[in-house]
Amino acid sequence: MKLTRIATTVQDRDAAAAFYHDVLGMPVRHSPLHTVVSIGASELLLTTDPDADARGLHLALDVPADRLDLAADWLDSHIGRIVLDGEDTFDGPAGWNSRSVYFLGPENSILEFIGRRFGTFNKSKTTIGADFPFN
């Protein structure tokens, strides 16, 4: 499934937008009602609610499978990865043929870089920070 637009609510839209722009290097545009973060060919719409709880939000971002280790190294030097039981890189479920690394995003949301070992990644549509290892 390819999602082209999703929306989430955050307590601090400016801080969330700054994370996506300043840390991950994604293009961001603002309007009075929402902020749009461009993630490759998809858009993340951020709206504000002071009572929002982003802890349940999980977004997975495709990266080339052969560059997941570079993405993990990039995370280590910029943000840090989530470690669970001493592990920081995880194989996907049976049949997914993938590996993932996880990290905290705005307001403790869970973000994931997933490297699928077959056919879903389209490099030409990915936009992550200028120093990201696979632009």
Side-chain angles (χ1 to χ4, degrees):
M1 174 186 332
K2 182 184 275 187
L3 300 175
T4 57
R5 179 176 278 184
I6 57 173
T8 191
T9 306
V10 294
Q11 292 178 2
D12 187 338
R13 189 167 39 126
D14 290 336
F19 176 86
Y20 287 107
H21 182 266
D22 298 343
V23 176
L24 296 181
M26 296 175 175
V28 172
R29 48 184 209 281
H30 301 275
S31 78
L33 298 177
H34 58 265
T35 297
V36 178
V37 180
S38 295
I39 305 173
S42 300
E43 293 182 328
L44 174 63
L45 275 65
L46 303 171
T47 58
T48 304
D49 180 344
D51 297 322
D53 185 356
R55 289 178 298 172
L57 177 67
H58 169 220
L59 295 176
L61 308 170
D62 275 341
V63 299
D66 64 346
R67 296 197 179 175
L68 184 68
D69 291 332
L70 288 173
D73 291 344
W74 185 90
L75 281 174
D76 291 341
S77 67
H78 287 76
I79 303 167
R81 289 186 257 177
I82 294 174
V83 177
L84 180 64
D85 296 329
E87 299 293 325
D88 58 14
T89 305
F90 304 90
D91 289 326
W96 280 42
N97 202 14
S98 66
R99 290 175 48 229
S100 296
V101 293
Y102 297 86
F103 57 103
L104 290 178
E107 300 178 13
N108 290 316
S109 57
I110 303 294
L111 302 181
E112 170 186 2
F113 288 146
I114 183 170
R116 303 171 201 270
R117 293 183 187 101
F118 53 91
T120 61
F121 182 80
N122 184 341
K123 183 177 180 180
S124 66
K125 294 186 178 180
T126 298
T127 304
I128 302 180
D131 68 336
F132 207 57
F134 37 80
N135 277 342

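Under the 4.5 Å side-chain criterion, counting only non-hydrogen atoms from C-beta, Phe19 is not in contact with Val10. Using a 4.5 Å cut-off on side-chain heavy atoms (C-beta onward), Thr8 and Leu59 make no contact. Side-chain contact check for Thr48 versus Thr9: every heavy-atom pair is 4.5 Å or farther apart. Annotation: side chain of Phe113 is not in contact with side chain of Leu70 (no heavy-atom distance under 4.5 Å).
Both Ile39 and Val101 sit in one connected hydrophobic cluster of ILVMFWY residues. Membership requires side-chain heavy atoms under 4.5 Å apart, directly or through other members. Trp74 and Phe90 fall into different hydrophobic clusters, where Ile, Leu, Val, Met, Phe, Trp and Tyr side chains are chained together by heavy-atom contacts under 4.5 Å.
The minimum heavy-atom distance between Leu68 and Gly115, with the atom names listed, is CD1-N, 4.2 Å. When every heavy atom of Arg116 is checked against every heavy atom of Ala65, the shortest pair comes out as O-CB, 3.3 Å. What you find for Leu111 and Gly105 is that their closest heavy atoms are CD1-CA, 3.7 Å. Taking all atoms of both residues into account, the shortest heavy-atom contact from Ile79 to Leu104 is CG2-O, 4.1 Å. Pairing each heavy atom of Phe103 with each of Gly80, the nearest pair is CB-O, 3.4 Å.
The OG atom of Ser98 sits 9.5 Å away from atom CG of Asp62, with the distance rounded to the nearest 0.5 Å. Summarising the geometry, atom CG belonging to Leu57 is positioned 7.5 Å from atom CG belonging to Leu44; distances are rounded to the nearest 0.5 Å.
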Atom pairs and distances, donor-acceptor, side-chain atoms in residues 23-37, under 3.5 Å, two or more places apart:
from	atom 1	to	atom 2	distance (Å)
Arg29	NH1	Glu43	OE2	3.4
Arg29	NH2	Glu43	OE2	3.0
His30	ND1	Thr35	OG1	3.1
Ser31	OG	Leu33	N	3.4
Ser31	OG	His34	N	3.2
Ser31	OG	His34	O	3.0
Thr35	OG1	Arg13	NH1	3.2

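Remark: side-chain polar atoms of Glu112 are not paired, donor with acceptor, to backbone N or O of Tyr102 under 3.5 angstrom. No donor-acceptor pair under 3.5 Å is formed between the side chain of Gln11 and the backbone N or O of Glu107.
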